[in-house]
Protein chains: 2
Amino acid sequence: MVGFLINSCTLLSKSKKRSWVQYPNLMDKNLKRLATMQRMQVTGLHLFYSKGYYNTSVDDVLKELSLSKGAFYYHFESKEDFFIQIIENLLVRKVYSMLIEPIEGHEHTLDLITGCFEDALETAVHNELDYGFILSNFINEFNGRNEKIMKHLNNILQVWEVNLVSAIQRGKFNGHIDRHVDAEGVAVFLMSAYMGVRTLMVEMTPSARKYRFMSQLRHYFKSLEAKTTMV
Amino acid sequence: MVGFLINSCTLLSKSKKRSWVQYPNLMDKNLKRLATMQRMQVTGLHLFYSKGYYNTSVDDVLKELSLSKGAFYYHFESKEDFFIQIIENLLVRKVYSMLIEPIEGHEHTLDLITGCFEDALETAVHNELDYGFILSNFINEFNGRNEKIMKHLNNILQVWEVNLVSAIQRGKFNGHIDRHVDAEGVAVFLMSAYMGVRTLMVEMTPSARKYRFMSQLRHYFKSLEAKTTMV
DNA sequence: TAAAAAACCGACCATTGGGTCTTTTAAGGA
DNA sequence: TCCTTAAAAGACCCAATGGTCGGTTTTTTA
């Protein structure tokens with residue numbers, strides 16, 4: 001939370017081309033402004049995720065925060081603009097910290113990915129109200145309906161894909177993964193499997209499905225390991 | 001088309017507890033009634049799939065058919081009822097004929113599934129306007145928003161799962177699949193992968209992704225085959 | 001062929017939702 | 001203290017939507 005604000009402030013001061021550091025009160029003002037926007041975005045993301053974008057009205061968000069239309073349209077141009085900012089400010093980071101950053105290490109790649117999926121799915125299992133993989137939910141909702149938003153969502157997908165591919169290539173380089181393995185193919189397969197299982201898990205017995213899924217994933221990973229295993 | 005009508009007639013005559021065969025005109029009546037309902041449902045499914053349920057109004061469906069509100073609410077109780085009938089009459093059959101029936105044979109199970117996925121994905125690739133796996137789209141849209149509809153959708157999922165499991169067990173029995181393989185696990189993994197790749201394919205380069213996915217699927221399947229392969 | 005039933009029409013209603021606009025409040029700065 | 005301006009309030013607008021209802025047309029039945 002604090003991290004977000006600091007980060008955003010930095011961005012803003014850059015775009016305004018003068019540093020607020022010189023003006024003591026400007027900081028407070030920006031902080032207040034950003035805090036309000038942040039609150040709206042956090043609530044917005046939560047509601048959009050749980051009820052869907054088209055099924056959530058701006059008033060729904062406002063009601064939750066006891067704010068008015070005026071406040072909303074003072075800070076955001078439109079509902080669409082609001083959502084795009086949510087994507088850029090919150091969704092990107094969420095996906096990054098959950099699925100990308102954890103596999104950036106230099107240890108055994110397949111173990112990293114396994115651990116990453118394990119954690120991500122465990123979070124979903126324990127989340128009382130789980131509505132599936134947030135990114136794929138939105139992709140489903142906007143596909144063919146809003147080109148602009150789809151672009152933003154696909155950017156996230158691409159970043160994920162690129163990182164998976166390079167992680168796998170790293171594994172091949174390190175000798176943990178068989179050098180004949182098609183990194184792009186594995187990445188697509190992994191993304192598919194993850195997105196799919198998250199949808200499957202929204203239903204009953206998510207933890208059983210998680211267990212079965214993970215065990216098959218490990219099985220699949222074994223078949224990707226370098227044959228001449230040392231260590 | 002004809003198949004649907006005949007089938008529906010059978011169901012109706014059962015529920016009304018008297019056979020229309022004795023009353024020559026009753027058949028025509030039911031046929032007309034059912035034909036109209038069928039037209040509405042087919043159009044409805046198409047629109048709901050492409051624009052989403054909540055984002056498609058009843059009027060949208062009616063406009064397409066030049067029918068009126070009166071006609072609609074004469075045949076269906078509500079929009080929700082309409083959709084449930086669409087699920088039961090069209091969606092169930094669609095999933096069945098695409099994903100279940102093709103793997104019911106007695107040949108090499110993994111080949112059957114491979115071919116089935118291959119065909120299903122190929123259809124998606126060639127479909128100019130593809131919006132993803134229809135079943136998982138609806139699951140995403142209704143999850144946490146409409147318990148009643150979710151039940152119907154999950155029924156379909158379950159049928160799919162059961163059939164996959166028994167197909168795999170058949171494969172184990174026939175000696176094509178390693179007897180240590182966890183059939184339930186494989187089923188969950190396959191369903192996940194399929195649902196996920198369909199979402200991934202809604203974006204650019206669906207055919208490349210299909211190719212990569214299928215090749216990894218084959219790779220995975222190889223690791224499930226019985227070690228003592230004869231033939 | 002006339003009555004009855006089925007199928008359908010379309011005006012109407014209440015509510016909602018995105019967005020606008022004018023007005024009020026509150027917090028610096030001089 | 002006065003003035004400016006950011007922030008927020010909330011009444012209002014208008015199109016869309018699910019659903020109702022009284023009436024009209026078409027088909028079936030007797």
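A quick note: this is a predicted structure, and the numbers were derived from the prediction, not measured. Each chain gets a letter, A, B and so on, in the order its sequence line appears, and its residues count up from 1.
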Tabulate atom names and distances for all N/O pairs under 3.5 angstrom spanning the protein and nucleotides 9-12 of chain D.
residue	atom	partner	partner atom	Å
D/dA9	OP2	A/Ser68	N	2.8
D/dA9	OP2	A/Ser68	OG	3.1
D/dG10	O6	A/Gly70	N	3.2

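Phosphate proximity of D/dA8 to A/Tyr74: absent, as no side-chain N or O sits under 4.0 Å from OP1 or OP2. Phosphate proximity of D/dA6 to A/His75: absent, as no side-chain N or O sits under 4.0 Å from OP1 or OP2. Between C/dG18 and A/Ser78, no contact under 4.0 Å exists linking OP1 or OP2 to a side-chain N or O. For C/dA7, one of the phosphate oxygens OP1 or OP2 lies less than 4.0 angstrom from a side-chain nitrogen or oxygen of B/Arg33.
Scanning for ring-ring contact (aromatic ring centres under 6.0 Å, His included) contacts around A/Tyr131 gives A/Tyr49, with sequence neighbours left out. Every residue was checked against the side-chain hydrogen bond (donor to acceptor under 3.5 Å, both in side chains) condition with A/Glu141, not counting sequence neighbours, and none meets it. Remark: A/Glu88 pairs with A/His152 by the side-chain hydrogen bond (donor to acceptor under 3.5 Å, both in side chains) rule, at least two apart or across chains. Residues forming a side-chain hydrogen bond (donor to acceptor under 3.5 Å, both in side chains) with B/Asn154 (at least two apart in sequence, or on another chain): A/Glu203. Residues that satisfy the side-chain hydrogen bond (donor to acceptor under 3.5 Å, both in side chains) test with A/Gln216, not counting sequence neighbours, are B/Tyr220. Considering only residues two or more places apart in sequence or on other chains, A/Asp81 meets the salt bridge (charged side-chain N to carboxylate O under 4.0 Å, His left out) condition with none of them.
A donor-acceptor pair shorter than 3.5 Å can be found between the side chains of B/Tyr96 and B/Glu104.
For the segment residues 45-56 of chain B, the set of residues with a heavy atom within less than 4.0 Å of an atom of DNA chain C is empty.
Spacing between atom OH of B/Tyr73 and atom P of C/dA11 amounts to 17 Å, rounded to whole angstrom units. Whole-Å rounding puts the B/Lys63 NZ to C/dC8 C1' distance at 19 Å. A/Phe76 places its CZ atom 18 Å from the C1' atom of C/dT20, with the value rounded to the nearest Å. Rounded to whole Å, the distance from CG on A/Leu62 to C1' on C/dG19 is 12 Å. Rounded to whole angstrom, the span from the CZ atom of A/Phe72 across to the P atom of C/dT20 amounts to 11 Å. Whole-Å rounding puts the A/Phe82 CZ to C/dG19 P distance at 12 Å. A/Leu34 has its CG atom 9 Å from the P atom of D/dA7, to the nearest Å. Here the P atom of nucleotide D/dA8 and the CE atom of A/Met40 are 6 Å apart, to the nearest Å.
Comparing C/dC8, D/dA8, C/dG18 against the side chain of A/Lys79 picks out C/dG18 as the nearest.
Identified under the salt bridge (Lys or Arg N to Asp or Glu O under 4.0 Å) test for residues 42-54 of chain B, with sequence neighbours left out: B/Lys51-B/Asp60.
A salt bridge is defined here as a Lys NZ or Arg NE, NH1 or NH2 lying under 4.0 Å from an Asp or Glu carboxylate O, and B/Glu161 with A/Arg209 meets this definition.
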